[in-house]
Amino acid sequence: MRVGVLTGGGDCPGLNAVIRAVVKTATSVYGWEVLGIETGFDGLVGRGGARVRPLTAANVRGILPQGGTILGTSNRGNPFAMPGEDGQVVDRSGEVIERLEELRVDAVVTIGGDGSMRIAAQLMDLGVGMVGVPKTIDNDLAATDVTFGYDSALHVATEAIDRLHTTAESHHRAMLVEVMGRNAGWIAIEAGVAGGADVILIPEIPYRLQEVVGALIRRARGGGRFSIVVVSEGAKPVGGEQVYQSAPLGSVGASPRLGGICNSLAQQIADACGAETRATVLGHLQRGGSPSPFDRVLGTRFGAAAVHLIARGGLGRMVALRGTEIVDVPIREAIAEPKLVNPDGELVQTARSVGISFGN
Ligand code: F6P
């Protein structure tokens, strides 16, 4: 038996923990061979042949605490929609299938988010053996309670808010901090609650500028001489649009990049109420660095479970965390609906009950 493993989409802390667990479990429990596929699905297309390397226990020694992915990744590598020679989009999935046959790979462990799981499901339909491992700092995959990477990102965001608190207090400023998450407000709401934010703006609850300003004025009147506003990159005003950075030229298959709302909002708040504001955009700091202990453990559990899943013949399925148990679900179920913050749910109500405004 020969198993391929690849990491697709944006990186996050904990990918190496999964790779390590896949290699160790496959080789030592089952005596299988493991091939690492480089740069996501890109490693299986192109003129130079497959970019793969054998992975053994010796190759993965010491990678558990390392951020990023030793295999590299790509968030444009969709073999069903690759950039063609004169700018058109080309389906090169046939090449992927040929390469995997040439390499005699029986199953591929795809470690990725919704985009990679969609590709894995399509390849599965064409006869490729696939199992999925869910990753993303956004925590927006519905089939699993938590994705690995999220906890590490949350730690970075919370620490940033703690640091902003001290300087906000010294200067009596309103500090705005923009966090990632795409269309899901998980990082913003949980880091905001953990960091004692005054206002949290998330995509699931469109805000009104006058409500945000009102919350800051009420806090100032109550004696709070500084404020912390956590803004999810996908937040938007009622009736307004999300803020995007320009998409890189020629990026077939890449999704438009959110980001930039925090700077304009800081100016709008300053103009509306005269508060001194500063904006901090955390960006990719949230994806970098060593995984938290939680993500190392979850990544290890997911990696081992993915190999056991192959051994049980569970192709087409993705490992997931439900409560405290590792389970598996059809890959298609995992990509059906994104998991978003419930605007009326307990988490939002709890945040409101400790005085946090959502600006609505
Ligand atoms: O999905 C993970 C994520 O970090 C999002 O939170 C963010 O919007 C996006 O990826 C950034 O993508 P890129 O690394 O391509 O800029």
Side-chain angles (χ1 to χ4, degrees), residues 7-16 40 66-69 72-76 112-116 135-141 147-168 173-195 197 199-204 207 228-236 241-249 251 253-269 277-292 295 338 341:
T7 49
D11 70 347
C12 74
L15 289 167
N16 287 327
Q66 281 174 25
T69 160
T73 185
S74 159
N75 40 3
R76 285 183 243 164
D114 55 349
S116 303
K135 67 90 228 201
T136 166
I137 64 162
D138 304 333
N139 199 31
D140 60 352
L141 286 188
T147 48
F148 70 88
Y150 172 65
D151 184 68
S152 304
L154 200 53
H155 272 72
V156 173
T158 303
E159 193 197 337
I161 295 169
D162 288 347
R163 287 174 183 271
L164 288 171
H165 251 109
T166 61
T167 174
R173 286 171 169 159
M175 300 297 260
L176 286 80
V177 55
E178 180 175 314
V179 298
M180 283 183 163
R182 289 200 296 184
N183 296 314
W186 294 110
I187 298 178
I189 190 166
E190 294 216 317
V193 170
V199 177
I200 300 174
L201 304 181
I202 58 174
E204 295 88 342
Y207 65 87
I228 300 288
V229 181
V230 179
V231 187
S232 179
E233 63 178 359
K236 58 179 182 223
E241 300 295 330
Q242 291 175 316
V243 177
Y244 285 92
Q245 305 179 41
S246 53
L249 285 176
S251 57
S255 357
R257 285 188 298 141
L258 283 162
I261 183 175
C262 199
N263 284 302
S264 54
L265 191 59
Q267 190 58 53
Q268 288 166 15
I269 292 172
T277 58
R278 292 290 186 272
T280 302
V281 179
L282 291 186
H284 291 81
L285 286 174
Q286 295 158 98
R287 293 229 308 252
S290 186
S292 67
D295 284 337
V341 176

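Treat the numbers as computed from the prediction; the structure is a model and nothing was measured.
Shortest non-hydrogen contact noted between Val230 and Ala197 is CG2-CB, 3.7 Å. Cys12 approaches Thr136 most closely through the heavy-atom pair SG-N, 4.2 Å. Annotation for Gly9 and Thr73: closest pair O-OG1, 2.6 Å, computed over non-hydrogen atoms. Nearest approach of Ile161 to Val177, heavy atoms of both residues: CG1-CG1, 4.0 Å. Nearest heavy-atom pair across Gly8 and Ser116 is C-OG, 3.4 Å. Summarising the geometry of Ser152 relative to Ser292, their closest heavy-atom pair is OG-N, 2.9 Å, with the distance given to 0.1 Å.
With values rounded to the nearest 0.5 angstrom, Gln286 atom CD is found 6.0 Å from Met180 atom CE. Taken to the nearest 0.5 Å, the SG atom of Cys262 stands 8.5 Å off from the CD1 atom of Ile269. Atoms CE and NE2, from Met175 and His165 in turn, are 10.5 Å apart once rounded to the nearest 0.5 Å. Atom CG of Asp138 sits about 7.0 Å away from atom CD of Glu233, to the nearest 0.5 Å. The CD1 atom of Ile228 lies 11.5 Å from the CD1 atom of Ile200; values are rounded to the nearest 0.5 Å.
Two residues are said to be in side-chain contact when any heavy atoms from C-beta on lie closer than 4.5 Å; Ile261 and Leu201 fail this criterion. Counting heavy atoms from C-beta on, the side chains of Tyr207 and Leu265 come closer than 4.5 Å. Between Asp114 and Arg182 there is a side-chain heavy-atom pair separated by less than 4.5 Å. Taking 4.5 Å as the limit, every side-chain heavy atom of Lys135 sits out of range of all side-chain heavy atoms of Thr147.
Between the side chain of Asp295 and the main chain of Phe148, no donor-acceptor pair closer than 3.5 Å is present. Distance alone, capped at 3.5 Å, places no donor-acceptor pair between the Thr158 side chain and the His155 backbone. Using modelled atom types, one side-chain atom of Glu178 and one backbone atom of Gly260 make a donor-acceptor pair closer than 3.5 Å. Of the possible donor and acceptor atoms, none in the side chain of Asp11 sits under 3.5 Å from a partner among the backbone N and O of Gly72.
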Let me check something: any side-chain donor-acceptor pairs from residues 183-195 under 3.5 Å, sequence neighbours excluded? List them with distances.
from   : atom 1 : to     : atom 2 : distance (Å)
Asn183 : OD1    : Gln242 : NE2    : 2.9
Trp186 : NE1    : Lys339 : O      : 3.0
Glu190 : OE1    : Tyr150 : OH     : 2.7

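With sequence neighbours left out, the side-chain contact (heavy atoms from CB on, under 4.5 Å) criterion links Ser290 to Pro65, Arg296.
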